[in-house]
Amino acid sequence: MQNLENKTALITGGSKGIGYGIAEALLAKGINVAITSRSQESADKAAESLAKNAKAEVLGLQADVRSFENQQTCVNAVLDKWGKLDIVIANAGLGHFAPIDEMEIDKWNEVIDTNLTGVFYTIKSSVEALKKNGGYFFTISSLAGTNFFPGGSAYNASKFGLTGFTQSVMLDLRQEGINVSTIMPGSVATYFNDHEPNEKDFWKIQKEDIGQMVVDLLEMNPRTLPSKIEVRPSRPPQK
């Protein structure tokens, strides 16, 4: 997919953070981008902001990845607007953290349903469109999928499962001409878990770094597929 101009992408959870950074990078390459948010207002606001410096079109869509019907509606909206779907980035995710004896059942279900089942719904709703164009499917996992910590049972499990899920999907789809990669970031300066990015985040991975990585993977010679990428800050903060 070395010629990216006029390609079309769908990014779940693209109204801020990593998804927004990926959208910026793709739009700069002339790729039409649809972003989703659970709030139509947030999706529209982000799309308006992205459009200011874009070299392609932007579409904001309301969707909850925990709903297969929502995901299918988004895919149909992309196909109706642009006639094709080349790139899908399953980015939407969240975390709830507590020791296992304090983890609430509804919080557990929300994490697993969003971070894992939601990705299944994303690829399930888009796979036929991707087949038609030899597309690319990305998931945004986390180093928390291999580096576990107390209080992280739900989040660790969801990202561990997502990493394995993506690798299996890669093996399913590469004979169909679809590339599949999972990116596993460590500390990123985003709004995750109610964090507000600030100047103290200078040492962390920035959202534009993940965007550049997605572009690099898309532009890589198609004979080579980095299917699982761990990425972490070059230097931890000094204590």
Side-chain angles (χ1 to χ4, degrees), residues 1 4-5 7-39 41-61 63 65 74 78 86-95 114-115 118-119 122 136-145 159 162 166 179-220 226 228-235:
M1 202 177 288
L4 299 182
E5 192 169 354
K7 299 292 186 183
T8 296
L10 172 63
I11 305 172
T12 66
S15 64
K16 59 184 179 179
I18 290 174
Y20 189 95
I22 295 171
E24 286 183 306
L26 298 189
L27 288 164
K29 285 290 183 176
I31 299 171
N32 298 313
V33 174
I35 58 169
T36 76
S37 172
R38 286 186 288 181
S39 160
E41 182 180 0
S42 295
D44 289 341
K45 184 178 179 180
E48 182 180 355
S49 177
L50 286 164
K52 292 177 182 177
N53 299 307
K55 295 182 179 179
E57 295 182 309
V58 191
L59 177 64
L61 299 169
V65 295
C74 287
V78 170
D86 303 291
I87 304 157
V88 174
I89 296 116
N91 166 73
L94 55 80
T114 301
N115 296 358
V119 178
T122 299
Y136 209 130
F137 177 58
F138 293 90
T139 67
I140 306 301
S141 185
S142 170
L143 289 182
K159 293 301 187 178
L162 177 56
T166 309
N179 279 357
V180 178
S181 297
T182 189
I183 298 174
M184 304 170 64
S187 299
V188 185
T190 72
Y191 297 88
F192 182 77
N193 203 29
D194 297 324
H195 175 72
E196 188 75 24
N198 58 68
E199 66 278 0
K200 294 180 180 180
D201 292 334
F202 71 91
W203 62 275
K204 296 180 180 179
I205 301 163
Q206 302 298 309
K207 66 182 189 303
E208 58 266 28
D209 301 335
I210 305 298
Q212 183 61 56
M213 183 173 296
V214 170
V215 169
D216 290 345
L217 290 166
L218 289 169
E219 292 183 331
M220 183 169 289
K228 183 171 65 174
I229 303 99
E230 293 190 0
V231 53
R232 50 181 49 79
S234 299
R235 303 286 185 274

* Are side-chain heavy atoms of V231 and D209 found at a separation under 4.5 Å? -> no

* To do: Look at the side chain of S37 and the backbone N and O of G13, then say whether any donor-acceptor pair between them is shorter than 3.5 Å.
  => no

* To do: Considering non-hydrogen atoms only, spot the tightest contact between Y136 and S181 and give its length.
  => OH-OG, 2.7 Å

* Asked: Do T12 side-chain atoms and A92 backbone N/O form a donor-acceptor pair below 3.5 Å?
  -> yes

* Asked: Atom CD1 in I87, atom CD1 in I31: separation rounded to 0.5 Å?
  -> 4.0 Å

* Asked: Of all heavy-atom pairs between I35 and A23, which one has the smallest distance, and what is that distance?
  -> CG2-CB, 4.0 Å

* Asked: How long is the gap from CE on M213 to CD1 on I22, to the nearest 0.5 Å?
  -> 10.0 Å

* **Pair listing, side chain to side chain donor-acceptor pair (under 3.5 Å) test, anchored in residues 43-58, at least two apart** => Y20-S49, Q40-D44, E57-W82

* To do: Using the test side-chain contact (heavy atoms from CB on, under 4.5 Å), find all partners of N198 that sit at least two apart in sequence or belong to another chain.
  => H195, K200, D201

* Asked: If you measure from OG1 on T114 to CG on L162, what distance do you get to the nearest 0.5 Å?
  -> 12.0 Å

* To do: Provide the closest heavy-atom pair for G186 versus I205 in the form atom of the first, atom of the second, distance.
  => N-CD1, 3.9 Å

* Over all heavy atoms of both residues, which pair between N115 and G93 is shortest? Give the atoms and the distance, please. => OD1-CA, 3.1 Å

* Check whether any side-chain heavy atom of I11 sits under 4.5 Å from a side-chain heavy atom of V33, and report yes or no. => yes

* Asked: More than 12 heavy atoms of other residues, nucleotides or ligands under 6.0 Å from NZ of K29: is that the case?
  -> no

* **Between OG on residue S15 and CG on residue L50, distance to nearest 0.5 Å** => 9.5 Å

* Walk me through it: do V214 and L26 pass the test side-chain contact (heavy atoms from CB on, under 4.5 Å)? => CA-CA 8 Å; V214 170; L26 298 189; 4.1 Å; yes

* Structure fact -> Nearest heavy-atom contact between V188 and Q206 is CG1-C, 4.5 Å

* Structure fact -> Interatomic distance, CG@L59 vs OG1@T36, rounded to 0.5 Å, equals 10.5 Å

* Within a strict 4.5 Å, meaning less than it, do heavy atoms of the L217 and I229 side chains meet? -> yes

Donor-acceptor list for residues 137-145 side chains, cut-off 3.5 Å, not counting sequence neighbours:
residue	atom	partner	partner atom	Å
T139	OG1	T166	OG1	2.8
T139	OG1	T182	OG1	2.8
S141	OG	K159	O	3.2
S141	OG	T163	OG1	2.8
S142	OG	A144	N	2.9

* To do: Please report the closest heavy-atom contact between A90 and T122, naming both atoms and the distance.
  => CB-CG2, 4.2 Å

* Counting distance only, does the side-chain N/O of D86 pair as donor-acceptor with the main-chain N or O of A9 below 3.5 Å? -> no

